[in-house]
Amino acid sequence: MTDPILRTQDLTVRFGGHVAVDAVSCAFQAGELTAIVGPNGAGKTTYFNLISGQIPATSGKVFLRGRDISGQGVSQRTKAGIGRAFQLTNLFPDLTVLENVRLVVQSHSGRGFNMWSMAAKHREMVEAAEAILKRVRLIDQREQVVSELSHGNQRKLEVALLIALDPAVYMFDEPTAGMSVDEAPVVLDLIAELKSQADRTILLVEHKMDVIRTLADRIIVLHNGALAADGPPAEVMASDVVQEAYMGKELEDV
Amino acid sequence: MSEPILKLEGVYTNIAQYHILQGVDLEVPKGAVTMLLGRNGVGKTTTLRTVIGHWRAHKGRVLFDGEDITALPTPLIARAGLGFVPEDMGIFSDLTVEENMVLAAIHGPINSARLDWIFTAFPPLKTFWKSEAGNLSGGQKQMLSIARAMVEERKLYLIDEPTKGLAPAIVSTMARALRELKEQGASILLVEQNFAVARALGDTANVMDDGRMIWSGAMAELSGDATLQERLMGLSLDAHH
Amino acid sequence: MFRSILSGDMPRSAVLSILLAVIFACLALAPFLFPGVRSIDTAARICVFIALVASYDLLLGYGGIVSFAHTMFFGIGAYGVALALTHMGRGFDAIIVGSVAGAVVAALLALLIGLFSLRVRAIFFAMITLAVASAVAVLASQLSGLTGGEDGLTFKLPRELGPAFKFGTEMFGGELFGVKLNGKLLAYYLVFAGALVLFLLLLRIVNSPFGRVLQAIRENDFRAEAIGYRVVYYRVAATCLSAAAAALAGSLYAIWLRYVGPDTTLSMELMIDILLMVVIGGMGTMYGAVIGATLFVLAQNYLQNLMGAASGLVEGIPVLPQLLSADRWLLWLGVLFILSVYFFPTGIVGRLRSGR
Amino acid sequence: MTTAAPKHTPKMAELSLGQRLAPWMPVLLVPVLVALGALAIPQTSSWLTLTVSGLAMGMMIFIMASGLTLVFGLMDVINFGHGAFVSIGAFVGVSVLLMLGQMTGAPSLGLNLIALMLAVVGAMAATGAVGWAFEKVIVMPVYGHHLKQILVTMGGLIVIEQLIIVLWGPEEIYITRPEALKGAITFAGAALEKYRLVAVVVGLIVFAAMRFVLRRTKIGLIVRAGVQNGEMVEALGYRLRRVFVGVFIAGSALAGLGGVMWGLYQEVITAHMGNDAMILIFIVVIIGGLGSVEGCFIGALLVGLMQNYVAYIEPKAALISNIALMVLILMWRPMGMIPVVKAK
Amino acid sequence: EIKIAHVYGKTGPLEAYAKQSHDGLMLGLEYATGGTMEINGEKIVVIEKDTQLKPENGRALLEEAYGDDEVDLAVGPVSSGVALAMLPVAEEYEKILLVEPAVADSITGENWNRYIFRTGRNSSQDAVANAIALAGPDVHIATLAQDYAFGRDGIAAFKEALETVGSKVDYEEYVPTDTTDFTAAAERIFNAMKDLDGKKKLFVIWAGGGNPMTKINAMDPGRFGIEIATGGNILAAMKAYKDFPGMEGATYYYYDIPKNPVNDWLVKEHEARFGTPPDFFTAGGMAAGIAVVEAIKKAGSTDTEDLISTMEGMEWETPKGKMVFRPEDHQALQSMYHFKIKVDPNVEWAIPELVRELTIEDLPIPIRNQ
Ligand SMILES: Nc1ncnc2c1ncn2[C@@H]1O[C@H](COP(=O)(O)OP(=O)(O)OP(=O)(O)O)[C@@H](O)[C@H]1O
Ligand SMILES: Nc1ncnc2c1ncn2[C@@H]1O[C@H](COP(=O)(O)OP(=O)(O)OP(=O)(O)O)[C@@H](O)[C@H]1O
Ligand SMILES: [Mg+2]
Ligand SMILES: [Mg+2]
């Protein structure tokens, strides 16, 4: 096996007395799609927060391409290649859809401190942003102000921002929650495409088992903050932890 | 069949300059679970918000339990016996879980038997009873939002996508809880993207598109007919499941 | 050409364009259109305040940062020029040294305050700036040896900018369209040109990629960080820029008044005036600064006269003359505050642009 | 009922001593400061005088700030007009007292207190009523917009101040305290103005009453929740508008009470007296932590003590003592000492 | 037509003073012209300008008055800060500015120019008069003042004046201008004074609200044998003096003290028109009004140079008796009044009873503009 692109080592965070992420050590290989599952409150989002730097870890380390990035802030980690979409939609509400994506493209191009040129003159950024909006099927709403979008469309924009960022490691936190049955596949196809065509590393939190079955190379299970299982999908899905703590009884038996 | 608990007659709702709802008709029978389905952005949430009074219908009528509530202020609509679980969960994140629940119990102290029932369905609420609600995980917030609506008996529950972000185990307990609510005699209007849940819970179904109701009928009819699903919602639900 | 002078940020409303053009023309030709000491004084103040308010809009309207220290930076610029002219003598070198030093000091102070407090919540920054600003105002009145204390400093400008300096006597006979060609006129145009350049510069900055980032940060700083913008740096940079611009506006004010004092440049009252100008004009639009400053300065200067006339009309009716008496102009200014926020929730510019 | 979910057992660790003590730290600050004062001030009688009168001054500040804790702390309305309510309270209260010259002039504590009570009732009724109008006309459209609140309430402040001048004239009004409240009580070489004792009693009553109301009723919760998501509060069935109006009126009435107390302390009242005290009042509310009556109370005591000690030790430093106190506390706890509401 | 501008802080914190000053000015003009409001057949027009107490406005308005309105001379303002900003404008436009009632010494001191005259008293006059009233053998004096230029200058002048009568200040206390709680200051003063022998006086110079005297008095300074002393004030403020029966000091004006026809007229007219006796600043305003009329009458024109030469050394009658513009610095020399407080329950305010009139000859006022 090659060196992992991302690795966490004994990553732990405590909120007061509550150990939300408990000494999680895990490595992620380049080009791999890892699904992270676990009951609500297992610490999945918090684990993401620790990796991308939103929350400082109580102890433990994060390595990106072998370099310790534990001391870095969110924007530095983002620049280094860790990209993140949020579980609860988190956009620039009073800007247009296009401007939302364009800002990400601009960040990617490193022109943030340019104070002299006119932003509107950089056609290439606008075009790049529009291309991405086409891919997530939001191009028709490009001039709409984000706060006026329906919930499902805001979720799509959330995904679009991450794609525009084009990081080495993509972290999706329930990207399809609230998306309708005909829209969810669009996003899932995009993720599949990222994985196969661009060879990106992807971390995906999902509660929909069918999605995981079709997309994931590997599943890790978090339970009460700790790493409870790690392995190929079929094997992990069949394990007791997952069946008991996570799946519960099938719906049809209700 | 008895008088429906909720009835929308040709409701038109505008948001700013946009015409969102364009003549929605909807009947929610008493003591049943009624599904409201449709793709993203067709106006499901807007319909619920119009019922509770967050948006105002500028044409048409909303009848609740035989009374015209179209022009009533939201608090009075709610007090008439509606429980509301909004799409964005509407958690008061600065307040603790307990405070959220206390506020939801408008008629006085929380009934402890009912609270125990809620705790068995959503155990994390008990664990984090004194924690700030803003710090809950996404799924826990969703649980709190549903629990808030259930803390006291209501005649009708308006629930907007309750299962998003919930782990499968919790989805089943929640579905069971909703069913128990129904058995207690309450009516439920449920917006749901998870078709498995819709099929398991729904008695009748209504499908929206582009601000209009395009199909209404028994859930069984819809779930049994793949071509109908294809036509109404652009995709066969079964294929996806 | 025109477009790029305005940095591609067009007024986007016919009425607004006309208003702006009228204001520009009136200010550019003020000495010829409105001869008279008072009206030129008003015009010069409008110019200074346009620049000052625009610099505040960069911070507040674009950066979403509430600062109560803007008058402090304004004052630093003013005192810079005043001190330089008092100590270096009445030369242009003193003016330049004073304003550059003022701008640099202001930017450095902003850097210090920013690095210290912009990492934390917005209200923290607001309170810290309030605290620092009031401390500086107290300091200015305490260090009376240097600053003249409460009484402020009165100083002399280079002769070329005073009424005693006459020019163009051979060519125009010392007069143009009935306006005396003297140093006072030059001083006005110095202020006008300075304010215009400052305004255009600020307009450029807010329309640059940097300006867009500021807007994003204002909307959602958390997410801005997560798409790779180092929020603190941008905020600090905006604070410094706006401080320097405010200081330069302060220099212009000092040049015009030939006087500085704590009430004139450092007071909380002035801070509130600035806030009001930004909001009435329309936050985050830059052109709002032009409209807001113009209206406000006019109201401040002429409301009293207007009311004097009004109270004459209602003489004999009980209470009304008392309410309309010119001494109660502040009452009506207060009412105007309230009404303008009511009727122009997005500012005048916002209102004109949305066409409603 | 049978809706059992899977087991839920998040991992809990022991809390350290520091973590458990943290909530009590602010309460400890007051005795700590008093002790520091004793170390820094060698003359015991001076220290005693300064401490007791500092605490009493803190109470007076608390009375004025208590209304703002409700309006700014809980309702999140940055109300610059608060100072105007203090002024109205002072003018109405003083007018009542001047009318009751017989009662205040008599050297009877009972009569004096009754007069004071009447003045307070009058002032609170007046400021409550003005507060009601203020909320309806000025504040209502700007909930949630801090900047607009600052401007609009600033406008309201100016209007009220000017109206006071129209009604009462531009001159300062001088008033002397009721006969029995003049002078000082001396003990152990220390002197304490009698009037400050009244302030202590009133302050404690206000404190207890506010705590009681906010703990025993849902009003505090409704307001805090309503600020965050008013729609949802209404969807739960609460008439949010009424609660907001009610709380605003209460806040204004408390400001009126503060005005009477402050006016009688100063013995001279002007239309802008309330506004002159505003920075101090804001500091107290912010260091206390938004929305917290307890924090506001402790903050006010700290400010009162700090002012006195610093003014005694080095008068020049008194200028910045409050500001320094604020900066220190915000550096220690950026949200204030006992934050109830999260500030943005 | 003779145009006079009254540039003063008509609105703003000192509104009450401003009104008195203006009423006085108008009464003065009326009195001196015998009710005609004309001098040598020319009508007097008074243009009012409101500085809102802002120095920059003071400047602009004075420029407007001289430049656009072409007034012959200007009177005002209320506040010293505004006055100081206005002084250079008079020089620029070469027209007279008659300062009334701003008190700062530097107006007729270091910042003076030859176009500036002042009818109001200056800080030194206050200080010297108070020093004479307070000093005595075996008297120890402490001072309390605001910690900024006005307070410190006042105390400095007071100390200087005390030296001329052979006394000195034992302890000085300065507090921030916006102080409301005087416990700490009082404790410091008490500690400094309590072990001294003889009579002990605490002299207070205070401008604006805050009212330290009653607050310190409430702390019972009598325990240490300390008495409080201060100068005069407007009638409203004199209410607070009721707590200090027997207190001595020196004042600038109280309507019942000066006995002369001008004052009699003023008191009578003021009572008749406004229902109240004239106040502190009314007298000053009137003195200025009379000075203007007298000067123009004597000069026979409104030419600035003629006026200056007429006014230098001019003597005229005011509600306070004779005043003289000293030629060196154009400060009007005038009487001050040593008073002692009497409390009469039937009078709203405490009454300063005359102990001794301190005439021009009694008051050595230093010249500071050289
Ligand atoms: N900032 C915080 N302060 C206190 N507790 C927190 C904080 N953030 C998360 N937690 C707690 O940590 C636990 C893990 O939360 P997390 O959001 O990581 O769960 P999750 O696995 O993403 O769950 P879900 O599937 O519901 O989104 C939860 O119990 C939550 O209450
Ligand atoms: N505040 C608003 N301002 C303007 N338009 C809005 C606003 N809210 C919603 N809309 C528009 O109204 C339409 C219907 O939105 P609604 O939220 O009701 O859809 P929905 O059926 O609930 O979709 P989803 O499944 O994505 O939640 C959408 O086109 C949306 O863009
Ligand atoms: Mg999560
Ligand atoms: Mg929806």
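The structure displayed is predicted, hence computed values, not measured ones. Just so we're on the same page: letters track the sequence lines, and every chain starts at 1.
Nearest heavy-atom pair across A:S75 and C:R230 is OG-CD, 2.9 Å. Nearest heavy-atom pair, C:A226 versus A:Q54, reported as atom, atom and distance to 0.1 Å: CB-NE2, 3.7 Å.
The greatest number of non-hydrogen atom pairs below 4.5 Å with chain C, out of A:D94, A:L165, A:V104, A:I82, is found for A:D94. Between chain A and the residues C:A237, C:G211, C:G228, the most heavy-atom pairs under 4.5 angstrom are made by C:G228. If you tally non-hydrogen atom pairs under 4.5 Å between each of A:E99, A:M125, A:K79 and chain C, the highest count goes to A:E99.
The local environment of OH in C:Y233 is sparse, with at most 12 non-hydrogen atoms from other residues, nucleotides or ligands closer than 6.0 Å.
For the atom pair C:I227 CD1 and A:Q106 CD, the distance stands at 8.5 Å (nearest 0.5 Å). Once rounded to the nearest 0.5 Å, the distance linking CZ of A:R102 with CZ of C:R212 reads 5.0 Å.
Aromatic pair C:Y229/A:F113: ring centres not closer than 6.0 Å.
Contacts of A:H122 with chain C are made by side-chain atoms alone, with heavy-atom separations under 4.5 Å and no backbone atom involved. Contact of A:L103 with chain C is made through backbone and side chain together, with heavy-atom distances under 4.5 Å. Both the backbone and the side chain of A:S117 have a heavy atom closer than 4.5 Å to some heavy atom of chain C. Interface residue C:L241: only side-chain heavy atoms are found under 4.5 Å from chain A. Of the atoms belonging to C:A224, heavy atoms from both backbone and side chain fall under 4.5 Å from chain A. Looking at A:S107, both its backbone and its side chain come within 4.5 Å of chain C, counting heavy atoms on both sides.
Between C:N220 and A:N90 there is a side-chain heavy-atom pair separated by less than 4.5 Å. The shortest side-chain heavy-atom distance between C:R218 and A:F92 does not fall under the 4.5 Å cut-off.
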Before giving the answer on salt bridge (charged side-chain N to carboxylate O under 4.0 Å, His left out), spell out for C:R223 and A:E158 the whole-Å C-alpha distance, their side-chain angles and the decisive distance to 0.1 Å.
CA-CA 11 Å; C:R223 188 59 194 255; A:E158 184 75 43; 2.4 Å; yes
